[in-house]
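Here's the structure we're looking at; comments come further down.
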There are 2 protein chains.
Amino acid sequence: MTQYQNQTRMLAAVDCIIFGFDGESLKILLVHRGIEPEKGKWSLMGGFVQPGESPDHAAIRILKTLTGLEGVYLEQLYTFGEPERDPIERTMSIAYFALIDIHRYEKQLSDEYQPEWFPLNKIPRLIFDHNEMVKMARAKLQYKAALHPLLFELLPKKFTLPQLQSLYESVYGTSFDKRNFSRKVLSTNLLVKQEDKYKGGSKKGAYYYKLNAKKYKANFQAFLNIIPNAHLL
Amino acid sequence: MTQYQNQTRMLAAVDCIIFGFDGESLKILLVHRGIEPEKGKWSLMGGFVQPGESPDHAAIRILKTLTGLEGVYLEQLYTFGEPERDPIERTMSIAYFALIDIHRYEKQLSDEYQPEWFPLNKIPRLIFDHNEMVKMARAKLQYKAALHPLLFELLPKKFTLPQLQSLYESVYGTSFDKRNFSRKVLSTNLLVKQEDKYKGGSKKGAYYYKLNAKKYKANFQAFLNIIPNAHLL
DNA sequence: TCAAAAGTGTTATGAGTACACCCATGG
DNA sequence: CCATGGGTGTACTCATAACACTTTTGA
């Protein structure tokens with residue numbers, strides 16, 4: 001026996017919701033779709049899963065193609081499989097979300113797709129069910145970042161507390177008390193204060209911090225409570 | 001254009017991790033696989049996604065076939081797509097986990113598969129990557145039940161606080177202080193005390209409770225904190 | 001009357017939250 | 001010297017967690 005009989009084969013695609021933070025707002029990276037149908041319309045970056053390739057590998061490959069980045073945070077989000085979601089042919093899409101340091105992103109790599117960053121409140125109409133994917137990715141990011149130290153993946157290796165707070169405020173669309181915020185963040189002992197300061201944001205300058213990589217990996221599963229009133233989300 | 005060219009089509013399956021609680025321990029329902037390869041070996045209940053059917057619908061259909069139950073709690077868990085996971089032919093499996101009231105389960109429906117309930121610490125060797133699926137389902141159940149009022153789905157409509165506590169203790173493999181447990185559970189206002197008692201567990205009898213269905217639906221997203229020290233999980 | 005499970009209250013500790021002033025510096 | 005953003009401490013409230021005795025009733 002070499003095959004299962006009388007079953008339907010279908011395509012498997014991967015689509016990536018790529019988050020970045022530029023210091024102002026949380027953004028996602030969209031591309032112009034390269035193939036028909038809907039060629040040229042705004043779309044998530046995606047591609048078909050290849051023979052011999054797992055969905056995880058496909059997501060890593062696609063991310064590398066578009067951004068030039070490897071080793072970034074990548075997590076399977078959800079599999080979208082409505083029969084008519086792609087009008088051409090039945091296609092399952094396994095959606096992944098990625099968190100990248102936007103400053104490491106290499107625009108020149110991906111001229112083919114004319115990618116652009118869009119703030120989350122200005123996402124255009126996307127093809128197929130991609131808007132739904134974005135919505136779900138955002139909800140999951142909010143959910144997960146309230147419990148785990150996830151958002152560091154969006155920042156450079158050295159960052160300041162005001163930058164970190166501004167990132168959390170972007171993700172949750174509110175503002176936090178900076179005294180409580182810094183106390184909570186520092187109480188995790190995940191951050192190591194550096195000697196030098198970032199002077200771009202103010203005259204006084206703000207101390208840089210780095211992640212304590214060991215504790216970060218060990219404590220990733222630990223529940224945090226950075227977000228006040230997370231139960232009201 | 002009616003097809004995408006030069007791409008690999010593959011099979012899409014759904015596998016269900018079905019949890020039940022019999023008052024003693026948390027169990028999952030396994031079947032004897034009905035087709036080659038590995039026919040007769042222990043397996044999760046599953047099947048191929050049919051044309052015109054979404055993965056969600058496939059999961060609902062499969063669950064109905066095996067248990068006779070409809071309207072049960074069902075959630076997409078993860079998509080497993082390693083190229084060699086099924087030796088016969090490339091198959092993506094979209095895993096779902098289900099929570100059912102084990103007493104509503106109708107054994108006679110499913111003689112074909114000779115299903116059996118296995119406690120989680122006695123899961124046999126399963127086909128393909130199904131052991132990994134079970135492990136992930138269990139972790140997700142623990143994770144999610146610490147934050148959301150999920151485990152009620154495993155109990156009958158009327159249940160007692162000792163039953164509920166025993167369920168939580170099974171899921172987390174520890175014991176809780178019953179005073180703190182009942183205070184926390186009741187403080188959610190999700191439970192409505194009934195007039196009658198369940199006399200099976202003791203001479204004194206324990207009051208039945210029912211879920212307040214409205215609040216349950218409205219508050220499902222609300223974070224609970226039933227599990228002491230959930231951050232240490 | 002006794003064994004076995006159900007039910008209930010208090011206290012101490014720690015976490016969360018609200019809130020306001022001083023500091024450093026470049027212009 | 002002053003405007004701007006960075007950095008810090010305190011007090012109150014509430015949730016958590018530890019802990020033990022009384023109640024009920026069938027056998």
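Note that the structure is a prediction, hence the values are computed from the model and not measured. Lettering follows sequence order; numbering is per chain, from 1.
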Self-check item: Aromatic plane relationship, Phe159(B) with Phe152(B) - under 30° parallel, 30 to 60° tilted, over 60° perpendicular
Solution: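 The arrangement is tilted - the two ring planes meet at 30° to 60°.
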Quiz prompt | Aromatic plane relationship, Tyr73(A) with Phe97(A) - under 30° parallel, 30 to 60° tilted, over 60° perpendicular | solution = tilted
Could you list, one pair per line, each protein nitrogen or oxygen that sits under 3.5 Å from a nitrogen or oxygen of nucleotides 10-12 of chain D, together with the distance?
unit_1  : atom_1 : unit_2    : atom_2 : d
dT10(D) : O4     : Arg183(A) : NH2    : 3.3

In whole angstrom, give the distance that lies between atom [atom1] of [X] and atom [atom2] of [N].
{"X": "Tyr198(B)", "N": "dG7(C)", "atom1": "OH", "atom2": "P", "result": "13 Å"}
{"X": "Asp196(A)", "N": "dG6(D)", "atom1": "CG", "atom2": "C1'", "result": "15 Å"}
{"X": "Gln163(B)", "N": "dA5(C)", "atom1": "CD", "atom2": "P", "result": "14 Å"}
{"X": "Tyr209(B)", "N": "dA6(C)", "atom1": "OH", "atom2": "P", "result": "12 Å"}
{"X": "Phe176(B)", "N": "dT16(D)", "atom1": "CZ", "atom2": "C1'", "result": "14 Å"}
{"X": "Lys193(A)", "N": "dG7(D)", "atom1": "NZ", "atom2": "P", "result": "7 Å"}
{"X": "Leu186(A)", "N": "dG9(D)", "atom1": "CG", "atom2": "P", "result": "12 Å"}
{"X": "Asp177(A)", "N": "dG7(D)", "atom1": "CG", "atom2": "P", "result": "14 Å"}

Quiz prompt | Residue pairs fulfilling salt bridge (Lys or Arg N to Asp or Glu O under 4.0 Å) with at least one residue in residues 55-64 of chain B, sequence neighbours excluded | solution =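 Every pair satisfying salt bridge (Lys or Arg N to Asp or Glu O under 4.0 Å) with a residue in residues 55-64 of chain B: Glu53(B)-Arg61(B), Lys64(B)-Glu70(B).
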Practice problem: Applying salt bridge (Lys or Arg N to Asp or Glu O under 4.0 Å), name anything that partners Glu75(B), two or more places apart in sequence or on another chain. | Solution: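 Glu75(B) satisfies salt bridge (Lys or Arg N to Asp or Glu O under 4.0 Å) with Lys140(B), Lys144(B) only.
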Exercise. Check the pair Lys157(A) / Asp101(A) against salt bridge (charged side-chain N to carboxylate O under 4.0 Å, His left out), numbers first and verdict last.
Key: CA-CA 9 Å; Lys157(A) 287 213 175 103; Asp101(A) 170 7; over 6 Å; no
Quiz item: Which of these nucleotides, dG7(C), dG16(C), dA20(D), is closest to any side-chain atom of Arg179(B)?
Solution: dA20(D)
Practice problem: Without swapping roles, check the side chain of Gln142(B) against the backbone of Val171(B) for a donor-acceptor pair under 3.5 Å. | Solution: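 The answer is yes, because a donor-acceptor pair under 3.5 Å joins these two groups.
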Only pairs under 3.5 Å count here: list side-chain donor-acceptor contacts from residues 21-33 of chain A, not counting sequence neighbours, and write none if there are none.
unit_1   : atom_1 : unit_2    : atom_2 : d
Asp22(A) : OD1    : Glu24(A)  : N      : 2.8
Asp22(A) : OD1    : Ser25(A)  : N      : 3.0
Asp22(A) : OD2    : Lys27(A)  : NZ     : 2.6
His32(A) : ND1    : Gln114(A) : O      : 3.2
Arg33(A) : NE     : Ile35(A)  : O      : 3.2
Arg33(A) : NE     : Pro37(A)  : O      : 2.7
Arg33(A) : NH2    : Tyr4(B)   : OH     : 3.0

Quiz item: Taking all atoms of both residues into account, what is the closest heavy-atom pair of Ile62(A) and Cys16(A), and its distance?
Solution: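 Shortest heavy-atom contact: CG2-SG, 4.1 Å.
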Show every donor-acceptor pair shorter than 3.5 Å between a side-chain atom in residues 204-214 of chain A and any protein atom, with sequence neighbours excluded, or say none if there are none.
unit_1    : atom_1 : unit_2    : atom_2 : d
Asn212(A) : OD1    : Lys214(A) : N      : 3.3
Asn212(A) : OD1    : Lys215(A) : N      : 3.2

Exercise. Going 5' to 3' through nucleotides 21-27 of chain C, assign each nucleotide B (protein heavy atom under 4.0 Å from a base atom), S (under 4.0 Å only from sugar-phosphate atoms) or - (no protein heavy atom that close).
Key: --BBBB-
